[in-house]
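Heads up: the structure comes next, in structure tokens.
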Amino acid sequence: MSKNSSFSISNPDKLKLDAVQKIGLIVALLGVSILFVAWFGITFPYPAVFLSISALFIFIGTVVYAKQTYLKQPAGIKNNNVWFNSLSNRGVLGWFLGIVLTLFYVLLYWFPSYLGYDPSGAQNRGLVALFDPLSLFFNGKIASQWFVYGTLYTLLIASLGIKFMYKYRHNRYQLIRTVVVIVSQLFLAYLIPEILEGLNSDTPYFAKDIKNMWPLNYYFFEPWHLDNMINGGTLGMLYLVIGIFMFLVFTPIITYYVGKRWYCSWVCGCGGLAETAGDSFRQLSSKTVSSWKIERWMIHTVMVLIFIVTAVVLYGYFANSGEFLGISIYNYFSKPYGFLIGAMFSGVVGVGFYPVLGSRVWCRFGCPLAGYMGLFQRFKSRFRITTNGGQCISCGNCSTYCEQGIDVRAYAQKGENIVRASCVGCGICSAVCPRGVLKLENGPEEGRINPTDVLLGNDIDLMNYVNKKQ
Amino acid sequence: MEHIVIIGNGISGVTAARHIRKKSDKKITIVSAESEYFFSRTALMYVYMGHMKFEHTQPYENWFWKKNRIELKQGFVQQIETTKKELIFENGETLQYDKLIIATGSKPNKFGWLGQDLKGVQGLYSKQDLENVGKYAPNNKECKRAVIVGGGLIGIELAEMLRSRDIPVTFLVRETSFWNGVLPKGESELINKHIIEHHIDLRLNSNLKEIISDENGKAKAIVVAETGEIIPCDFVGLTAGVSPNIDFIKSSKVEINRGVLVNRFLETNIEDVFAIGDCAEQREAIGNRRPIEAVWYTGRMMGETVAQTICGNKIEYKPGHWFNSAKFLDIEYQTYGWVWAQPRENEAHFYWEHSNKKICVNVNYNKTTRQFIGINTFGIRMRHEIFDKWLTENKTVEYVIENLSTANFDPEFFKKYEKEISTAFKNQLVTA
């Protein structure tokens, strides 16, 4: 077989970029290179200027590139060459990006001094120092590595979110959803918490991203966090009450009406990054039945773990004890969960492995909040993906582009609706379907799951005869 | 144990096998020369375009067949010995059957054009065809231009494929407008415009005269019959329809015409030999359907039906209301019931097209009884279930237009056009 054959994984035809696309890419890469230079230890003079240049270049470069790429062709599905592109087919570029991201996360969590963070709070260097002026503007303190992370995270969601919107400009579900993703990240996760932090710098720290609820935010019920909220004045009490209300009341009700998508692919930060920056990698998730089995074990194990850890932590809090049955709660419960699940799984593996395992590894295999909402979605919800009668041609676009690794086609080709705990409702299966077979919708629970053997279109007597037999 | 042998592992054969397995414990063998595992033929284009890898076109994981005790045999059947109930393979091997299902699908039509068997000249049907497109048209350096002959569903797919690699495409269409033997004028013209928008050199009213060979037996140009124009090219796609792939049956006692002739029970003239899918030809017409229907859905329905008969629940093949779908580049098409290119006697079309978007609807109805007969939709998705019900209940065209929104299947938040459509329909009645 020739090396250019369609079965080859190498690029059959090098990506051709026009002048505008090249300018966009170069500008964006210049912006990124400032960050890299800083990461390698160079402390820039005039950090405010360089940070502004870097952020603006990344944003404007990406937008220029995306606009030119997608607007010069008619609106429609743009997946040409996805499996020939080294970045999106686990090629050299993909692995390289995966390694860089993983390295970044390792440093971020455990060795922030290599990013230039000064734990004594005296003087940052390198990458973290670049963000000092912005941090000082918000809350009068120099930047932490987490401030750097939050800022870059928001920048990525905004710029690649706009790229996504150009790509799916013909699809209003995707447009509206992505605007909400960007706005949620920019305001709820970034600006409002930073501003509130600045206004309340005299009270102790507690998490101010209101939608980042327990158990995704695993430290919500830890003693220090509870105390800080309680001692955080009206705002702290408000966050405590809302945090509990969100998990116990709001989430189940909304999930009943529209499925877990309201959170996972509309407002969640992890989901937001996956939907925007992770869009180029969604096809890499495994669709095998065995990975589905692993998924069910893992995500529910993590969910049970955080329930246990939290119960023990709360016991310790109210019993005013650092020990549970004679063992240290911190050393044997909170700390291992925070290290293994909070940092290692959700951070390092969750994002670092985007270009290898796909964009939703954490959401699919780990997130306890997704697991919790998934139970409602599967057993008590109005949400489903409807299959349009007998129109499926088993092409496999839906399954290929499902970031959650759901074998959508397995249901669609049987004429069955898709009711799965893990579906985050991104709507891409419906978008890429060439025959108009799939529709995300909310409706009566009755008939939501509709097993069939003989599909619509055939002899009505035969359909009734066979389908009733099960 | 009764041995069911199925020749062909496309949608028809595989559907039959799955349903026989659901209903029985019979021994099942599927024979294929094309590929080891079932794949979705309709998805081949996406492999070339880089949307999917070949493995993604396989609807079942490889363990599925063993788990369900469906044996897969690779080999090319050369002859069917119906008296001995035996298949003879190209390599001399034989295989005994108790019941045989012929589900060998189609092959691209060739009409005796000069040069039609040159290298770089082919249809697009099989996995091997896909491999050959990759070989002869890998990129726009090795393939400086491609010519596609025949304006149907496969032709436009092939054009889309080649354009995805920036290969210039000339598209020869015999008709005065794209696929207008099937599509009414409005829809057909909408697609013409869209083809041109994708920088495809669309030549209507154009037939192929011959394909010119280079010194290595590879296509280097084609000649247009009408003008005598010579168009240099490195690849020629022949997409002027398909016909049943039954050459190997000619030497057997199974009666054939254009396809394998079957009665309403999908039985051939030989006992215990059935034929389904693209290769089957109905002896008696079923409603307005053609005797040979090379369509994914009908292949699947025949598979569902024949499995019942083979498992003792003898049942006629009775497809329900006609439906179909396709995608022309970026425009999705669905149809339910019958909409002919020209309204038949006593029928009328109501056509609505968006002023600047690539969206249109065409409703066919009976002028006297007002009965709704069928609908074409382009750029709007509709619910199969609702239209199937409306067709069964003989709804009027007025009812369908008034209730069109209940049939809408577009994703949430999409702009709706039912009001506009309804207004246009009422205005048409006033002016008519």
Side-chain angles (χ1 to χ4, degrees), chain A residues 1-2 4-9 12-13 16 74-77 79-85 170-173 175-176 283 287-289 386 388-391 393-397 399-400 409-410 413 427 430-432 434-436 439-441 453-463 465-466, chain B residues 11 19 22 40 42-43 46-54 56-57 59 61 130-131 133-135 138-140 142 164-166 194 197-198 296-297 300-301 304-305 308 315-321 323 325-327 329-330 332 334 381-385 388 392 409-415:
Chain A
M1 204 179 289
S2 98
N4 283 330
S5 108
S6 57
F7 295 93
S8 147
I9 56 158
D13 197 5
K16 272 185 253 29
I77 295 304
N79 287 329
N80 288 350
N81 300 320
V82 163
W83 286 96
F84 303 140
N85 185 331
H170 58 291
N171 189 315
R172 283 188 83 204
Y173 181 79
L175 291 180
I176 293 170
Q283 68 283 355
K287 277 79 186 182
T288 59
V289 172
T386 303
N388 197 8
Q391 286 278 24
I393 53 166
S394 300
C395 72
N397 273 293
S399 295
T400 305
R409 164 175 59 189
Q413 67 187 358
S430 161
V432 298
R435 303 297 182 110
K439 178 176 163 75
L440 282 66
E441 56 184 346
D453 273 337
V454 167
L455 272 69
L456 185 62
N458 211 335
D459 176 12
I460 205 86
D461 297 332
L462 176 66
M463 282 172 56
Y465 171 79
V466 177
Chain B
I11 180 65
H19 281 266
K22 272 172 199 262
S40 174
T42 48
Y46 299 111
V47 178
Y48 178 88
M49 292 165 71
H51 294 210
M52 294 195 275
K53 294 206 281 183
F54 182 75
H56 296 124
T57 67
E61 288 183 62
L130 175 72
E131 284 164 4
V133 189
K135 189 172 162 194
N139 55 48
N140 58 13
E142 288 184 48
S164 79
R165 296 196 186 181
D166 272 337
H194 190 52
E197 185 185 16
H198 273 268
W296 178 271
Y297 310 116
R300 188 178 65 201
M301 288 190 268
E304 289 166 348
T305 309
Q308 298 293 324
I315 193 165
E316 256 185 63
Y317 170 54
K318 279 192 287 183
H321 301 291
F323 71 98
S325 64
K327 192 173 180 187
L329 299 157
D330 298 313
E332 287 175 24
Q334 293 184 334
R381 296 173 172 182
M382 295 283 178
R383 282 180 204 269
H384 187 180
E385 201 179 343
D388 196 74
T392 302
F409 198 70
D410 272 340
E412 293 155 300
F413 308 123
F414 269 44
K415 198 169 171 348

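In what follows, chains carry the letters A, B, and so on, assigned in the order in which the sequence lines appear, proteins first and then strands, with residues in each chain numbered from 1. The shown structure was predicted, so the numbers you read here are calculated from the model rather than taken from an experiment. Values below: every heavy atom of this structure, side chains too, minus hydrogens, waters and symmetry copies.
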(request) Please check if the side chain of B:E61 supplies one atom and the backbone of A:V289 the other of a donor-acceptor pair under 3.5 Å. (result) yes
(request) Pick one of side chain, backbone, both or neither for A:I176, based on which atoms fall under 4.5 Å of a heavy atom in chain B. (result) side chain
(request) Specify the closest pair of heavy atoms between B:R381 and A:G436, including all atoms of both residues, with the distance to one decimal. (result) NE-CA, 3.2 Å
(request) Verify, without hydrogens or angle tests, whether B:Y297 (side chain) and A:Q391 (backbone) share a donor-acceptor contact under 3.5 angstrom. (result) yes
(request) Heavy-atom distances under 4.5 Å only: say whether A:L175 touches chain B with side chain, backbone, both or neither. (result) neither
(message) Please classify the contact between A:N397 and chain B as side chain, backbone, both or neither, with a heavy-atom cut-off of under 4.5 Å.
(response) both
(request) Heavy-atom distances under 4.5 Å only: say whether A:R409 touches chain B with side chain, backbone, both or neither. (result) side chain
(message) Taking side chain to side chain contact (heavy atoms under 4.5 Å, CB included) as the definition, give me every residue that meets it alongside B:H321, ordered by chain and number, with sequence neighbours left out.
(response) B:D388, B:L391, B:T392
(message) Given heavy-atom pairs under 4.5 angstrom as the criterion, report whether the side chain, backbone, both or neither of B:Q308 touches chain A.
(response) side chain
(request) Mark yes or no for whether A:K439, through its side chain, and B:D410, through its backbone, hold a donor-acceptor pair below 3.5 Å. (result) yes
(request) Keeping the roles fixed (side chain from B:R300, backbone from A:G390), state whether a donor-acceptor pair exists under 3.5 Å. (result) yes
(message) List the residues meeting salt bridge (Lys or Arg N to Asp or Glu O under 4.0 Å) with B:E412, not counting sequence neighbours, and say none if there are none.
(response) A:R261
(request) May I ask you to decide if B:M301's main-chain N or O and A:N458's side chain share a donor-acceptor pair within less than 3.5 Å? (result) yes
(message) Strictly distance-based, threshold 3.5 Å: is any side-chain N or O of B:S40 a donor or acceptor partner for the main-chain N or O of A:I393?
(response) yes
